[in-house]
Amino acid sequence: MSDLMQIYHKLFTHYGPRDWWPAESPFEVAVGAILTQNTNWSNVEKAIVNLKAAAVLSSPAICALERGRLEELIRPSGFFRQKAERLQLFTNHLRDHYAHDLQGLLQRSLNTARAELLALKGVGPETADSILLYAGERPSFVVDAYTGRLFGRLGLLSGSENYMQIRALFMTGLPTEVPLYNEYHALIVAHCKEFCRKKPRCTGCPLTAICPYNLHQ
DNA sequence: GGCCAGGACACCA
DNA sequence: TGGTGTCATGGC
């Protein structure tokens with residue numbers, strides 16, 4: 001079994017299915033992907049609750065919202081001015097090209113849809129891949145800071161790889177299966193939240209047997 | 001009271 | 001192309 005699959009199985013055995021992405025619709029996934037940029041998910045949840053309570057968690061509604069009102073609603077997620085602009089750039093794009101139907105974008109070829117998302121100001125590689133995988137169920141592996149940190153500590157990355165190189169490691173080393181990509185990224189996040197933050201906690205870590213990090217404390 | 005969180009972008013050398 | 005500053009709230 002490959003190192004990647006071995007790690008996956010250890011994580012899955014320890015944490016179980018993560019049931020990602022926590023959202024009621026693909027559009028909510030996309031909104032969450034933008035709001036969670038460099039932000040704790042609990043803060044994003046507060047913003048999502050606000051949007052739902054105001055009945056504006058839809059592309060047409062966000063388009064139509066006055067900017068200051070949108071900022072107010074998403075304020076708990078932090079960087080609220082940037083994120084309000086990014087959300088409206090995103091929904092304006094859906095309005096202009098897909099009559100507000102996110103599926104129209106998500107059903108294009110993977111590389112085309114990805115390039116289209118990346119062309120939007122405020123949508124970088126992680127946000128684009130999160131939308132493609134978790135909203136579109138497309139096989140685009142999501143890389144985040146946790147991924148680089150964990151697999152660097154495990155010795156599978158040197159630390160000099162860029163986003164696309166890390167993504168390619170997973171996409172060439174794993175079978176092209178959406179449920180696997182979905183679960184793997186979610187497991188990496190679950191694991192890193194508990195054991196692999198900037199200051200690691202190794203006691204009880206399910207990867208101790210294959211992780212040399214705790215030997216270097 | 002500092003650190004950190006499910007990034008992205010502008011600017012600069 | 002790589003490094004640095006900026007954006008901001010909330011939990012621990």
Side-chain angles (χ1 to χ4, degrees), chain A residues 8 11-12 15 17-24 26-51 53 67-93 114-138 140-153 157-167 170 178 180-201:
Chain A
Y8 173 79
L11 292 174
F12 188 85
Y15 297 101
R18 308 309 304 161
D19 192 27
W20 266 33
W21 183 292
E24 295 177 359
F27 182 76
E28 184 180 330
V29 172
V31 169
I34 291 171
L35 293 182
T36 198
Q37 291 170 357
N38 202 36
T39 298
N40 190 303
W41 181 255
S42 65
N43 287 6
V44 176
E45 285 182 321
K46 301 179 200 305
I48 298 276
V49 165
N50 288 347
L51 292 171
R67 176 68 62 85
R69 174 60 175 153
L70 180 58
E71 291 177 355
E72 180 184 336
L73 292 170
I74 68 169
R75 174 182 284 269
S77 72
F79 306 120
F80 57 89
R81 296 184 188 90
Q82 280 189 357
K83 289 175 180 177
E85 178 190 18
R86 292 173 182 185
L87 284 176
Q88 290 191 315
L89 288 171
F90 176 65
T91 56
N92 287 345
H93 183 79
R114 189 170 192 274
E116 192 171 319
L117 287 167
L118 289 175
L120 294 171
K121 181 183 175 185
V123 178
E126 184 187 339
T127 304
D129 289 327
S130 294
I131 292 171
L132 290 166
L133 179 62
Y134 291 105
E137 299 183 347
R138 306 301 300 277
S140 200
F141 199 90
V142 179
V143 174
D144 63 359
Y146 286 151
T147 311
R149 190 181 304 159
L150 174 59
F151 287 83
R153 287 175 183 171
L157 294 172
S158 71
S160 64
E161 296 87 353
N162 62 31
Y163 185 97
M164 287 303 281
Q165 290 170 322
I166 298 175
R167 179 173 177 264
F170 287 89
V178 168
L180 175 62
Y181 285 12
N182 177 321
E183 198 63 52
Y184 209 151
H185 174 68
L187 286 167
I188 290 168
V189 173
H191 177 71
C192 288
K193 280 183 173 177
E194 187 168 359
F195 294 105
C196 207
R197 292 179 180 268
K198 289 185 178 178
K199 292 181 180 177
R201 182 171 73 82

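Model, not experiment: these values are computed from the prediction. To find a chain, count down the sequence lines: A is the first, B the second, and so on, and within it residues start at 1.
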Nearest heavy atom decides the nucleotide; on that basis, is A:Pro125 or A:Asn43 closer to the 5' end of DNA chain B? A:Asn43
How many whole angstroms separate atom CE of A:Met164 from atom C1' of C:dT1? 17 Å
Nearest-Å distance for atom pair CD/P, residues A:Gln37 and C:dT9: 16 Å
If I take atom NZ in residue A:Lys121 and atom P in nucleotide C:dC7, what distance separates them, rounded to the nearest angstrom? 13 Å
Of the options B:dA5, B:dG7, B:dG6, whose atoms approach the side-chain atoms of A:Thr36 most closely? B:dG6
If you count the non-hydrogen atoms of other residues, nucleotides and ligands that lie under 6.0 Å from CD in A:Glu137, is the total more than 12? no
What distance do A:Arg86 atom CZ and A:Leu35 atom CG have between them, rounded to the nearest 0.5 Å? 11.0 Å
What does the list of N/O pairs under 3.5 Å between the protein and nucleotides 3-5 of chain C look like, with a distance for each?
none

Parallel, tilted or perpendicular: which one describes the rings of A:Trp21 and A:Trp41, with boundaries at 30° and 60°? perpendicular
Could you tell me whether A:Lys121 and A:Glu85 make a salt bridge, using a distance below 4.0 angstrom between a side-chain N and a carboxylate O? yes
Check whether the side chain of A:Asn38 and the base of B:dG7 form a donor-acceptor pair under 3.5 Å. yes
Could you give the CG-to-P distance, from A:Leu35 to C:dG10, as a whole number of Å? 13 Å
Here the residues of residues 68-90 of chain A within 4.0 Å heavy-atom distance, strictly under, of DNA chain B are A:Gln82, A:Arg86
Less than 4.0 angstrom from a charged side-chain N to a carboxylate O is my criterion; do A:Arg201 and A:Glu194 meet it? yes
Hey, what's the ring geometry for A:Phe90 with A:Phe27, parallel, tilted or perpendicular (30° and 60° as the breaks)? parallel
P atom, C:dT4 versus B:dG6: distance in rounded Å? 24 Å
Taking CD from A:Glu161 and C1' from C:dT1, how many angstroms apart are they, rounded to a whole number? 16 Å
May I have the distance from A:Glu183 (atom CD) to B:dG6 (atom P), rounded to whole angstrom? 17 Å
Would you check, one step at a time, whether the test side chain to side chain donor-acceptor pair (under 3.5 Å) holds for A:Tyr163 with A:Asp129? CA-CA 11 Å; A:Tyr163 185 97; A:Asp129 289 327; 2.6 Å; yes
Under 4.0 angstrom, heavy atoms only, what part of the nucleic acid is A:Val123 near: base, sugar-phosphate, or nothing? sugar-phosphate
How far apart are the C-alpha atoms of A:Arg167 and A:Ser140, what are their side-chain angles, what is the distance that settles it, and do they pass the side chain to side chain donor-acceptor pair (under 3.5 Å) test? CA-CA 8 Å; A:Arg167 179 173 177 264; A:Ser140 200; 2.7 Å; yes
Proximal nucleotide (of C:dG11, B:dG7, B:dG6) relative to the A:Lys46 side chain: C:dG11
Rounded to whole Å, the CG-P distance (A:Asn40 to B:dG7) equals 10 Å
Using whole Å, report how far CD of A:Glu45 lies from C1' of B:dA5. 13 Å
A:Phe170 ring center within less than 6.0 Å of A:Phe151 ring center: yes
Side chain of A:Ser42: nearest nucleotide among B:dC9, B:dA5, C:dG11? C:dG11
Interatomic distance at P, B:dC11 relative to C:dA8, whole Å: 16 Å
Flag as yes if A:Tyr163 stacks onto the base of B:dG7 (centroids under 5.5 Å, planes under 30°), otherwise no. no
Phosphate contact (B:dG6 OP1 or OP2) by A:Ser130 side-chain N/O below 4.0 Å: no
Sorted by position of nearest nucleotide on DNA chain B, 5' first, the leading residue of A:Tyr134 and A:Leu120 is A:Tyr134
A:Gln37 side chain to A:Thr127 backbone, donor-acceptor under 3.5 Å: no
Once you round to the nearest 0.5 Å, how far does SG of A:Cys192 lie from CZ of A:Arg153? 8.0 Å
Give one of base, sugar-phosphate or nothing for A:Asp144, where a contact means two heavy atoms less than 4.0 Å apart. sugar-phosphate
Reckon A:Arg149 has a side-chain N or O less than 4.0 Å from the OP1 or OP2 of B:dA5? yes
